[in-house]
Amino acid sequence: MPFPVGVETVVLTGHQHLADGDGSPLPVRVRPVPRRVVSAEHGVVVDDGWVVVSPDDAGEWQVELLATDAEGCTPTGWTYRLETGGDAQHIALPAVLGTVDVSELLPAGEDGGTYVLVPGPRGAKGDKGDDGQDGASAYQLAVAGGYVGSQAQWIASLKGAKGDKGDKGDAGTPPTGDVVGVTRTVDKATDEQVVSSTALQDDDHLTVPVTAGGRYAIAAMLAVDGDPAADLLLTIAAPPGSTGYWAPGGITLGVSDGTGSLRLTRYAPGQSIGVGITTAGLIVAPLGTITAGANGSITIQWAQNVATGVATTLRAGSWLRLTRVA
């Protein structure tokens, strides 16, 4: 297949040992796991259609394919499904391979890849707008409202008498149970659904109050199901200025049967990541440690990773658990 100039590709070669009834080598089929791979510069680079390769009479074949980590394309880190007439397998083709025979590759898990923001080209500079009319000053507005006196008198009238000194405030009381060594757990009382939305929202139940400067060990069990095409967008939100890290503890995107790589990449508080879900339902088990930057709450936030009209549901009985460790 033709690719835009400059896009990273890999040449995949192989030998077809299987033949049809008249002795001709069977065709080889390959397609990307994600529905499409796009580039800000070139648009859609590949879609999820099959590429059919016909071996020569000796069974040798080769095909040029988009690298699964091609620079400037999203998603990245995905895999191909390869069918040679026997069992299917999934393979990764990073650009560094250049040209590689399929016999040299190790099977990979089915992976729809990770979506990243790819900036588009900068637009043309717009025309300069007309200068607006000067508005009335505050003094002019006061005169229009009935004030009588000079501008200097009006300015002097703005300063009021010095107020009494206020009482010293309390330092604040930590939330109940928010002490070192104590574990607090919140239960999700009812099911909650999101439909056709990728906007992260606070979970209705899974939130725990925290105190500025406190360090908390975090664990959760999220029972979730929905359209595998939507998957789940997830983060652990914390008060402003919080530090630490968390991992989603879910399988990779694009799965349909619950089988996939476990995603344990480390993320900062509030940084979101997509994980896979299935119609039958999966357990997502995020964990981490966060030091609160201010008084507030640590909260599970979630949405659909890809908006679809089929509801993504977080089930009752899910829970969030915090233990204050410092």
Side-chain angles (χ1 to χ4, degrees), residues 31-37 48 74-79 81 88 90 108-116 184-208 218-238 246-267 269-288 297-322:
R31 68 169 177 82
V33 170
R35 294 181 176 180
R36 60 181 50 183
V37 180
D48 62 352
T74 188
T76 186
W78 45 276
T79 56
R81 179 182 175 92
H90 290 89
E110 182 179 8
D111 196 335
T114 300
Y115 287 82
V116 296
R184 292 173 291 161
T185 302
V186 290
D187 172 70
K188 187 162 186 62
T190 59
D191 292 351
E192 183 177 349
Q193 293 186 336
V194 169
V195 180
S196 300
S197 176
T198 59
L200 286 167
Q201 63 173 31
D202 289 349
D203 187 89
D204 289 345
H205 309 94
L206 303 183
T207 182
V208 178
I218 303 167
M221 188 286 291
L222 309 179
V224 60
D225 54 73
D227 184 358
D231 289 315
L232 178 71
L233 184 65
L234 179 68
T235 191
I236 297 180
W246 70 282
I251 59 176
T252 49
L253 295 169
V255 303
S256 59
D257 60 356
T259 302
S261 301
L262 184 63
R263 192 180 290 277
L264 291 176
T265 306
R266 190 175 74 189
Y267 299 95
Q271 184 178 4
S272 60
I273 185 64
V275 296
I277 62 172
T278 65
T279 304
L282 289 180
I283 297 297
V284 180
L287 53 82
S297 296
I298 289 178
T299 304
I300 297 294
Q301 292 184 338
W302 59 283
Q304 293 180 323
N305 192 57
V306 177
T308 72
V310 179
T312 298
T313 305
L314 194 58
R315 296 294 180 183
S318 300
W319 50 262
L320 170 64
R321 179 175 299 153
L322 266 64

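Hydrogens, waters and symmetry mates play no part in the numbers below; they use all other heavy atoms, side chains included.
Here the CD atom belonging to Gln201 is positioned 12.0 Å from the OG1 atom belonging to Thr299, to the nearest 0.5 angstrom. Note that the OG1 atom of Thr265 and the CD atom of Gln271 stand 10.0 Å from one another [nearest 0.5 Å]. Rounding to the nearest 0.5 angstrom, the gap separating the CD1 atom in Ile300 from the CG atom in Asp204 is 13.0 Å. Note: Asn305 CG to Leu234 CG = 10.5 Å, rounded to the nearest 0.5 Å. Rounding to the nearest 0.5 Å gives a distance of 11.0 Å between CZ of Arg315 and NZ of Lys188. Annotation: the span from Thr278 atom OG1 to Asp225 atom CG amounts to 7.5 Å, rounded to 0.5 Å.
Nearest heavy-atom pair across Gly317 and Asp187 is CA-OD1, 3.6 Å. The two atoms that bring Leu233 and Gly274 nearest to each other are CD1-N, 4.0 Å, heavy atoms only. Closest non-hydrogen pair, Leu264 versus Gly249, comes out as CD2-CA, 4.1 Å. The two residues Thr312 and Leu232 have their closest heavy-atom pair at CG2-CD1, 4.2 Å. Annotation for Thr308 and Asp227: closest pair OG1-OD2, 3.6 Å, computed over non-hydrogen atoms. Of all non-hydrogen atoms in Ala303 and Ala199, the two that sit nearest each other are CB-O, 3.4 Å.
Between the side chains of Gln304 and Ser197, not a single donor N or O lies within less than 3.5 Å of an accepting N or O.
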Test log, rule side-chain contact (heavy atoms from CB on, under 4.5 Å), inputs Leu314 and Leu206: CA-CA 11 Å; Leu314 194 58; Leu206 303 183; 4.3 Å; yes

Applying side-chain contact (heavy atoms from CB on, under 4.5 Å) to Asp203 and Leu320, what does each step give before you reach the verdict? CA-CA 11 Å; Asp203 187 89; Leu320 170 64; over 6 Å; no

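At least one donor-acceptor pair closer than 3.5 Å links the side chain of Ser318 to the backbone N or O of Ala223.
Each of Thr235, Ile218, Leu287 was scored for a side-chain contact (heavy atoms from CB on, under 4.5 Å) with Trp246, with one residue passing: Thr235.
Between His205 and Val186 there is no side-chain heavy-atom pair separated by less than 4.5 Å. Looking only at side-chain heavy atoms (C-beta outward), Asp202 and Thr207 stay at 4.5 Å or farther from each other.
Judged as a side chain to side chain contact (heavy atoms under 4.5 Å, CB included), and not counting sequence neighbours, the contacts of Pro269 are Ala238, Ile290. With sequence neighbours excluded, no residue forms a side-chain hydrogen bond (donor to acceptor under 3.5 Å, both in side chains) with Ser272.
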